[in-house]
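Let me begin by presenting the structure, written as structure tokens, before commenting on it.
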Protein chains: 2
Amino acid sequence: MAATIHDVARHAGVSSRTVTNVLNDYKWVSDETRRRVRRSIDELEFVPNPVARNLRLGRTGLLALAVPNLMASYFAELSEALVDAATLRGFGVVIELTKADPAEELRLLATRARSRLFDGLIFSPLGLGPRELHEVKCMLPVVMLGERVHGDFDHVGVDNVQAAADAVEHLIAMGRRRIAVIGRDNGTGIYRTEGYRRALEHAGIVYDESLVAPTSNYFLDDGSAAMAHLLDQGVMPDAVFCCNDTLAIGALRTLFEHGLHVPNDVAVVGFDDVDDGRYAIPSLTTIAPDKAGLAAMAVDRLVRRMDGDTSPAADLVIPHRLVVRESTAGLAAERATPRAHQRRPRPAASTTRQATSGVASKRPSRSGARRDGTGTS
Amino acid sequence: MAATIHDVARHAGVSSRTVTNVLNDYKWVSDETRRRVRRSIDELEFVPNPVARNLRLGRTGLLALAVPNLMASYFAELSEALVDAATLRGFGVVIELTKADPAEELRLLATRARSRLFDGLIFSPLGLGPRELHEVKCMLPVVMLGERVHGDFDHVGVDNVQAAADAVEHLIAMGRRRIAVIGRDNGTGIYRTEGYRRALEHAGIVYDESLVAPTSNYFLDDGSAAMAHLLDQGVMPDAVFCCNDTLAIGALRTLFEHGLHVPNDVAVVGFDDVDDGRYAIPSLTTIAPDKAGLAAMAVDRLVRRMDGDTSPAADLVIPHRLVVRESTAGLAAERATPRAHQRRPRPAASTTRQATSGVASKRPSRSGARRDGTGTS
DNA sequence: CTCAACCTTGCGATCGATGGCAAGGTGAAT
DNA sequence: ATTCACCTTGCCATCGATCGCAAGGTTGAG
């Protein structure tokens with residue numbers, strides 16, 4: 001059905017060897033021949049069969065990306081960033097959903113990774129703990145995301161403990177004392193809760209188990225349920241640190257339903273700087289990791305390994321920063337201090353503009369003005 | 001490095017032919033041999049090289065899924081559903097991000113689809129209009145999502161015009177008259193706006209161009225900007241129909257910033273029933289398509305085509321329903337009528353429970369009670 | 001004329017699994 | 001002893017592209 005290299009050769013009146021030479025930019029091909037071959041390729045709509053090529057070359061041009069799910073915005077955004085980064089380097093990306101299931105994650109590393117269908121694997125483990133991961137040895141290059149694991153895998157991620165501590169420190173700086181935490185029991189959650197603990201300790205606040213609402217998952221549901229659980233138990237915090245934005249948005253909803261005002265009654269901080277958080281009501285204070293940087297770094301690392309780099313496993317820490325929004329600073333605070341708290345990159349473009357948000361009135365209507373056009377006023 | 005079928009044969013003391021026989025459940029293999037071969041496979045950790053197998057068989061076990069992005073929750077949820085459905089049938093999924101770029105979408109259909117790297121393609125076109133798509137002929141099985149196109153592609157999707165009309169009818173039933181629409185200018189948006197127009201017409205309300213806020217994209221940003229644009233122009237609607245939930249959530253934010261109450265001042269309806277909408281403040285009334293059903297149907301259709309089904313292109317319509325939440329019914333309305341408006345499937349499980357939401361108080365605290373435990377009260 | 005640089009080609013092995021074919025080998029039934 | 005059903009095998013072509021090798025061709029410079 002589809003044309004092969006031989007069809008092209010016949011059509012162009014050359015040998016198949018010459019066609020390969022053209023395809024691979026071999027040194028000694030005359031311009032004339034090159035042109036003729038190219039024309040035949042176009043006319044026959046020939047596309048080299050990657051499967052055959054890959055069999056020969058031992059590479060498939062595919063990376064596998066293993067994430068727990070795509071429903072949690074963080075993983076959706078992360079995946080998008082990684083697909084972009086991979087595409088830039090000519091790799092396709094196969095998405096594998098692990099559902100944070102340890103068995104599934106192991107199967108992926110142990111079996112599926114041996115299939116040679118992928119040239120590399122970017123893995124965001126949630127189910128497997130450091131100990132299990134330590135055991136696994138994997139045939140193909142792997143870059144781990146999320147929390148550092150103690151196997152000999154390359155790793156890219158933020159300093160979760162420090163970042164969480166930053167977030168909680170911010171709450172303390174805002175005068176909060178009874179600070180709850182939601183989300184301890186998943187991969188990175190453990191480390192983020194540790195950061196929470198340290199920040200409290202540093203401020204001389206005692207760590208109170210009853211303020212900890214563990215969730216094994218990290219969906220909106222879970223944040224909402226955990227918050228409700230806290231309130232139902234009569235625990236009344238004046239702030240909540242959520243191990244990610246999705247949990248935080250769920251928690252916002254529960255607080256709203258309970259008639260509690262954020263941040264007046266309870267301040268909320270998330271983690272990840274997911275797009276939704278910017279548009280939440282109130283907008284969500286959060287820790288923003290450099291996701292694009294993370295993606296680029298992960299792919300870069302992987303490609304380097306595929307090219308034979310055998311240096312010892314690296315632990316790459318990407319920067320993070322605190323983004324203060326209404327859920328801790330409040331509407332009034334934001335209005336009073338129109339500092340450039342936020343960065344709002346437009347998803348499509350890559351320009352980065354500074355802009356305030358959360359301003360409720362006095363919006364100079366310029367024709368065709370963008371929503372954030374007030375940033376200049 | 002990695003073991004091949006021949007290594008296994010040698011190790012088990014049989015011929016490679018026998019190993020193939022075992023691998024493919026050939027009829028005449030003695031149990032004894034079968035066991036021995038299996039043991040060798042395990043010991044050598046042999047996994048058949050899919051690339052070689054595929055070269056021979058002409059199939060790769062991979063489906064391509066082309067969506068514009070993963071940032072818009074709908075596509076994230078859709079992708080997750082499709083990956084699940086494909087995994088169930090033993091297919092891997094390669095995600096291709098088109099960015100809603102017509103050129104990219106064409107390249108995908110015309111070139112990348114010829115690569116034989118995929119056995120099939122599930123395509124969610126946004127950039128290409130029906131006319132362009134009509135032209136394209138594609139070598140491999142394709143199932144189209146979103147709006148029906150008039151090429152000879154299989155198609156799975158909701159009846160966008162009808163569904164949009166349902167949504168707007170609901171607004172009209174709630175007594176709204178000045179109903180704006182956000183989002184016309186993208187693939188499905190055109191059809192949804194058409195549904196909007198019909199519902200107005202049916203109710204004898206004149207279609208007013210100044211109430212139409214077109215957006216070419218469908219991110220939070222765009223919804224927010226479009227809403228601001230309407231308000232800045234002095235257009236004061238009493239309801240807004242947004243062509244998807246993401247736009248709607250963006251619009252909610254702008255309304256909030258302008259100090260307008262939803263739904264008292266402005267009612268808002270979205271489309272897609274994205275997870276975020278359930279947790280938005282206020283929770284979002286929306287049109288819920290059966291996403292899991294859609295995913296299953298799409299994969300099913302694709303597999304059937306791959307197996308040689310040559311029946312004429314099918315147009316499969318999946319059911320939708322209106323889900324009424326606070327953004328049109330309001331807190332009070334919900335509290336007054338604890339009807340089972342909503343279905344809230346837990347992402348992980350597939351059980352479907354009826355539950356009210358948006359109840360602000362009187363939450364009977366049962367130990368370990370789920371957030372939606374009030375549904376029985 | 002000779003040599004070298006440049007271009008093109010046919011041949012054939014290679015990547016790893018598949019599977020047709022014919023040829024054997026069992027053991028049991030006829 | 002013969003037939004047959006059952007099991008196992010070696011051999012080889014196949015999928016399509018890659019690439020080394022040797023050989024043959026054309027130039028033009030020396």
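Chain letters run A, B, ... following the sequence lines, proteins first, then strands; residues in each count from 1.
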Among the candidates dC15(D), dA17(C), dG10(C), find the nucleotide nearest to the side-chain atoms of Phe46(B).
dA17(C)
To the nearest angstrom, how far is Arg35(A) atom CZ from dC7(C) atom P?
13 Å
Please report, rounded to the nearest Å, how far the P atom of dG16(D) is from the CG atom of Leu117(B).
15 Å
5' priority, DNA chain D, between Ser15(B) and Val51(A) [closest heavy atom]:
Ser15(B)
Lys99(A) with Glu104(A): basic N within carboxylate O range, under 4.0 Å
no
Does Asn54(A) reach a base, just sugar-phosphate, or nothing at all? Heavy atoms under 4.0 Å.
nothing
Per nearest nucleotide of DNA chain C, the residue lying toward the 5' end, Val14(A) or Ile5(B), is Val14(A)
Roughly how many Å is it from NE2 in His6(B) to P in dC12(D), rounded to a whole number?
14 Å
When the distance from CG of Leu55(A) to C1' of dT14(C) is rounded to whole Å, what number comes out?
9 Å
For Arg36(B) and Gly13(B), the nearest pair of non-hydrogen atoms, with its separation, is NH2-O, 4.0 Å
Separation of dT18(D) atom P from Arg59(A) atom CZ, nearest Å, is 13 Å
Taking all non-hydrogen atoms of both residues, which atom of Asp119(B) and which atom of Gly61(B) are closest, and how far apart?
OD2-N, 2.7 Å
Taking C-beta and beyond as the side chain, do Leu63(B) and Leu65(B) meet within less than 4.5 Å on heavy atoms?
no
Distance check: side-chain N/O of Ser30(B) vs OP1/OP2 of dT8(D), anything under 4.0 Å?
yes
Please report the distance, rounded to the nearest Å, between CZ in Arg34(A) and C1' in dT8(C).
13 Å
Considering heavy-atom distances to DNA chain C, does Leu57(B) or Ala52(A) have its closest nucleotide positioned more toward the 5' end?
Ala52(A)
Length of the line joining Glu32(A):CD and dT26(D):C1', which is rounded to integer Å:
15 Å
Is it the case that the base of dT18(D) and the side chain of Arg53(A) share a donor-acceptor contact (distance under 3.5 Å, atom types as modelled)?
no
Look at Asn24(A) and dT18(D) and indicate whether a side-chain polar atom (N or O) is within less than 4.0 Å of OP1 or OP2.
yes
Ionic contact status for Asp31(A) with Arg35(A), cut-off 4.0 Å
no
For dG16(D), does either OP1 or OP2 sit under 4.0 Å from a side-chain N or O belonging to Thr4(A)?
no
Within the structure shown, what part of the strands sits under 4.0 Å from Arg17(A) by heavy-atom distance: base, sugar-phosphate, or nothing?
base
Let me know the distance between CG of Asn49(B) and P of dC15(C), rounded to the nearest Å.
12 Å
